[in-house]
Undergrad: 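The structure that follows is given in the form of structure tokens.
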There are 2 protein chains.
Amino acid sequence: MLNGMARWEPGAPDRLQEAAYELYTERGYDATTVAEIAERAGLTKRTFFRHFADKREVLFWRSERVTELVVEAVEGAPADVGPFEAASLGVVAATEFLNDRRPFSQRRHALISANPELQERELIKMARLSGSVAEALRARGVAEVEAAMAAEATMAAFRVGWERWVEPTETRSFTEVAREMLDGLRAVAAA
Amino acid sequence: MLNGMARWEPGAPDRLQEAAYELYTERGYDATTVAEIAERAGLTKRTFFRHFADKREVLFWRSERVTELVVEAVEGAPADVGPFEAASLGVVAATEFLNDRRPFSQRRHALISANPELQERELIKMARLSGSVAEALRARGVAEVEAAMAAEATMAAFRVGWERWVEPTETRSFTEVAREMLDGLRAVAAA
DNA sequence: GCGTCGATGGCACCCAGTGTCATCACCTCG
DNA sequence: CGAGGTGATGACACTGGGTGCCATCGACGC
């Protein structure tokens, strides 16, 4: 037993995530072992893997919340708006959620952009989100390919907007930035 | 020494890649160990990692060739076409290259779509490709954000087209499919 | 033939991730 | 209040990806 207090202290995943963020920031992702994370949280390696599928997943914990928000927004879009507009409402919902969490987002972005493995994980998360959006669009009656295109295109705008928004020099809200990107996408595609 | 013949036989990476494809197909990616791949190629695990950064990379070997073709196409686009059109020419170049390689592409796609780890790798490859396209666009004088948007959007069309093209029921060329997707993107964004 | 050099083998090692079983705290029920 | 059940954790062994290090081998120039 490493720490008599910690074993039955509640919130194991939270403590593990916090410890992971700390260590990843202090020493970098690569230089941190799962055993060290667990130790700082007063737990063991084995327990870490009971709560998180792998060493990367701890950084993406609860990100499904964003997916839910986006899907709900798409599903709740007015019946008369087209697929691109509906998907855009999903993107906007995500940005509104993230607007309050800019410092956290920046910190997380710094960690992820410093490591290819983490970028891969982020990319597949976004791809799955795109898939969920496409599915929600199909549920609205949008054709297969059209749904996929609208979802992928708006996600592209989201990605580009994200990269911009986390920049320290950017003063606007994520929502504003994303709207600019969505409009920019329209303009670029129309040209 | 596992195989007296193989050690100094030329083309170690080729043999390793072929062995990997065989084993991944026969037993699946997860159920295959690097040691097994190396053994079938008449080499050792250590040598495998001298030629490929990791177990996944062997499936993406020489995919930089596509990147080169795409970038060249974008750079060689007429000076008067807009960023979206220029990027589209890059996508078309990629499809033309892949048109001859449909069976290989389908086999590769089957492997990748069966495994999340491999999907992650594929996604980051595409993201890097998108980055290269954006850079080529900027070299043409396109503004930062506009370049990123055009690159991401056309890559989205490429991805959706790809998923469609590898379908056995699809009879058209990749180039045709991609053009439809690029047009579809225009239509969807304009709506 | 002799030395150089790049590619390979062999080995030890670290760490991510898993299967299995024992253990512990808490809860319920008699 | 004590017995048994339950879920979370610890402990341990094990597989496999990936790396560092050095010995070795084969080709090639001299």
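Within every chain, numbering begins at 1; the chains are lettered A, B, ... in the order of the sequence lines, protein sequences first and strands thereafter. No hydrogens, no waters, no symmetry mates; every other heavy atom, side chains included, goes into these values.
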Undergrad: Restricting to pairs with a member in residues 97-109 of chain A, which pass salt bridge (Lys or Arg N to Asp or Glu O under 4.0 Å), not counting sequence neighbours?
TA: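 Residue pairs with at least one partner in residues 97-109 of chain A: A/R108-A/E122.
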
Undergrad: Write down the distance between OH (A/Y29) and C1' (C/dC15), rounded to a whole number of angstrom.
TA: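 Taking atom C1' of C/dC15 as the reference, OH of A/Y29 is at 11 Å.
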
Undergrad: For A/F49, what residues pass the ring pair (Phe, Tyr, Trp, His ring centres under 6.0 Å) criterion, not counting sequence neighbours?
TA: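 Partners of A/F49 by the ring pair (Phe, Tyr, Trp, His ring centres under 6.0 Å) criterion come out as none, since no residue qualifies.
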
Undergrad: Kindly write out the residues that satisfy ring pair (Phe, Tyr, Trp, His ring centres under 6.0 Å) with B/F52, not counting sequence neighbours, or none if the list is empty.
TA: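 B/F52 satisfies ring pair (Phe, Tyr, Trp, His ring centres under 6.0 Å) with B/F48, B/W61 once adjacent residues are dropped.
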
Undergrad: What's the separation between atom CG in B/L118 and atom CZ in B/R56, rounded to the nearest 0.5 Å?
TA: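 B/L118 atom CG to B/R56 atom CZ measures 7.5 Å (nearest 0.5 Å).
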
Undergrad: Distance check needed: D/dG17 P versus B/F49 CZ, whole Å only.
TA: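 It is 6 Å, rounded to the nearest whole Å.
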
Undergrad: Output the rounded distance in Å from CZ (B/R46) to P (D/dC21).
TA: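 From B/R46 CZ to D/dC21 P: 10 Å.
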
Undergrad: Which whole-number value in Å describes the distance from A/L23 CG to C/dA16 P?
TA: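 For the pair A/L23 CG and C/dA16 P, the rounded distance is 12 Å.
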
Undergrad: Could you note down all residue pairs passing salt bridge (Lys or Arg N to Asp or Glu O under 4.0 Å) where residues 159-176 of chain A supplies at least one of them, sequence neighbours left out?
TA: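 Every salt bridge (Lys or Arg N to Asp or Glu O under 4.0 Å) pair that includes a residue of residues 159-176 of chain A, provided the two are not neighbours, is A/R159-B/E152, A/R164-A/E170, A/E170-A/R172, A/R172-A/E180.
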
Undergrad: Strictly under 3.5 Å: I want the nitrogen or oxygen pairs between protein and nucleotides 14-16 of chain D, one per line.
TA:
none

Undergrad: Is there a donor-acceptor contact under 3.5 Å from the side chain of A/K55 to the main chain of A/Y29?
TA: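 It does hold such a pair.
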
Undergrad: Nearest heavy atom decides the nucleotide; on that basis, is A/R50 or B/T47 closer to the 5' end of DNA chain C?
TA: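 The 5'-side residue here is B/T47.
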
Undergrad: Does A/F104 offer a backbone N or O that forms a donor-acceptor pair with the side chain of A/Q106 under 3.5 Å?
TA: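 Not confirmed, A/Q106 side chain does not pair with A/F104 backbone.
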
Undergrad: Output the rounded distance in Å from CG (A/D30) to C1' (C/dC14).
TA: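 Result: 13 Å.
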
Undergrad: Could you give the distance from CG (B/L59) to OH (B/Y21), rounded to the nearest 0.5 Å?
TA: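 With rounding to 0.5 Å, CG (B/L59) is 4.5 Å from OH (B/Y21).
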
Undergrad: Would you mind reading off the distance between B/L43 atom CG and D/dC25 atom P, rounded to a whole angstrom?
TA: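 One finds 17 Å between P of D/dC25 and CG of B/L43, rounded.
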
Undergrad: Calculate the interatomic distance between B/R15 atom CZ and C/dT8 atom C1'; express it in whole Å.
TA: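 For the pair B/R15 CZ and C/dT8 C1', the rounded distance is 11 Å.
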
Undergrad: Verify the neighbour count for atom CD of A/E135: are there more than 12 heavy atoms of other residues, nucleotides or ligands below 6.0 Å?
TA: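 Not buried by this count: 12 neighbours or fewer within 6.0 Å.
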
Undergrad: Could you identify which residues of residues 112-120 of chain A place a heavy atom less than 4.0 Å from some atom of DNA chain C, listed by residue number, or say none?
TA: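 By residue number: none to list.
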
Undergrad: Output the rounded distance in Å from CZ (B/F48) to P (D/dT19).
TA: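 Computing the B/F48:CZ to D/dT19:P distance gives 11 Å.
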
Undergrad: Would you say A/H51 reaches D/dT9's phosphate, i.e. side-chain N/O to OP1/OP2 under 4.0 Å?
TA: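 For D/dT9, OP1 or OP2 has a side-chain N or O of A/H51 closer than 4.0 Å.
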
